[in-house]
Amino acid sequence: MNAKDRARFRERILADLDALRKKDVLGRDGRKTVVLDQQSVGRLSRMDALMRIDKDEFGYCDICGDALPLKRLELNPTAIRCVGCASE
């Protein structure tokens with residue numbers, strides 16, 4: 001994966017985080033403390049993806065170390081496993 005691809009995914013992930021923050025603000029009044037906030041889970045995986053970009057670990061399977069196909073990352077930029085390792 002080249003620097004241009006990494007920068008493109010960084011921008012997409014940052015945009016996703018911004019959208020989640022905006023949804024969080026809109027729904028803050030109606031949120032009950034006993035309900036799991038699924039947006040937080042998504043936010044964490046996106047923050048992890050940004051950290052992997054910064055460490056130059058983004059786009060590689062965390063099990064086998066193979067490069068993840070760009071198509072897989074296009075569908076889910078927070079993916080951390082290749083299809084083979086994810087299905088095991």
Side-chain angles (χ1 to χ4, degrees):
M1 178 177 307
N2 60 39
K4 185 177 178 180
D5 287 333
R6 283 192 300 275
R8 183 169 49 94
F9 284 113
R10 172 188 289 281
E11 290 304 314
R12 179 175 170 189
I13 292 166
L14 286 171
D16 288 348
L17 281 169
D18 188 50
L20 286 170
R21 283 187 196 105
K22 287 177 182 176
K23 286 181 183 179
D24 187 46
V25 169
L26 291 174
R28 186 170 291 150
D29 292 338
R31 193 175 315 127
K32 296 179 181 179
T33 57
V34 295
V35 176
L36 175 63
D37 180 6
Q38 294 296 326
Q39 290 179 356
S40 295
V41 175
R43 184 176 298 116
L44 290 176
S45 60
R46 285 171 180 82
M47 291 172 70
D48 289 341
L50 288 175
M51 287 190 302
R52 287 194 310 273
I53 287 174
D54 292 339
K55 293 179 181 178
D56 202 25
E57 297 172 354
F58 180 80
Y60 297 95
C61 177
D62 70 340
I63 301 292
C64 69
D66 287 347
L68 299 177
L70 287 179
K71 287 283 189 186
R72 181 163 175 75
L73 293 169
E74 291 287 347
L75 292 172
N76 180 8
T78 63
I80 59 172
R81 295 191 177 139
C82 66
V83 173
C85 290
S87 63
E88 290 181 2

For this session: Check side chain to side chain contact (heavy atoms under 4.5 Å, CB included) between Ile13 and all other residues, then give those that pass, not counting sequence neighbours.
Result: Leu17, Arg46, Ala49, Leu50, Ile53, Phe58, Pro77
Seminar exercise, completed: Correct closest heavy-atom pair for Asp5 and Asn2 would be N-OD1, 2.7 Å
Exercise. Which pair of non-hydrogen atoms, one from Gly59 and one from Leu73, has the smallest distance, and what is that distance?
Worked result: CA-CD1, 3.8 Å
Problem set entry | Contact summary for Cys82 and Cys61, nearest pair of heavy atoms | N-SG, 3.5 Å
Exercise. Mind checking what makes side chain to side chain contact (heavy atoms under 4.5 Å, CB included) contact with Met51, not counting sequence neighbours?
Worked result: Asp48
For this session: Would you indicate whether the side-chain heavy atoms of Arg52 and Ile80 approach each other to under 4.5 Å?
Result: yes
Exercise. In the single-linkage hydrophobic clustering (I, L, V, M, F, W, Y; side-chain heavy atoms under 4.5 Å), do Val83 and Met1 co-cluster?
Worked result: no
Exercise. CG of Asp54 to CZ of Arg10: how many Å apart, nearest 0.5 Å?
Worked result: 4.0 Å
Problem set entry | Minimum-distance pair of heavy atoms, taken over all atoms of Ala79 and Arg72 | CB-NE, 4.1 Å
Problem set entry | Atom pair CG (Asn76) and CG (Leu68), whose distance is rounded to the nearest 0.5 Å | 10.0 Å
Problem set entry | Between CZ on residue Phe9 and CG on residue Asp16, distance to nearest 0.5 Å | 11.5 Å
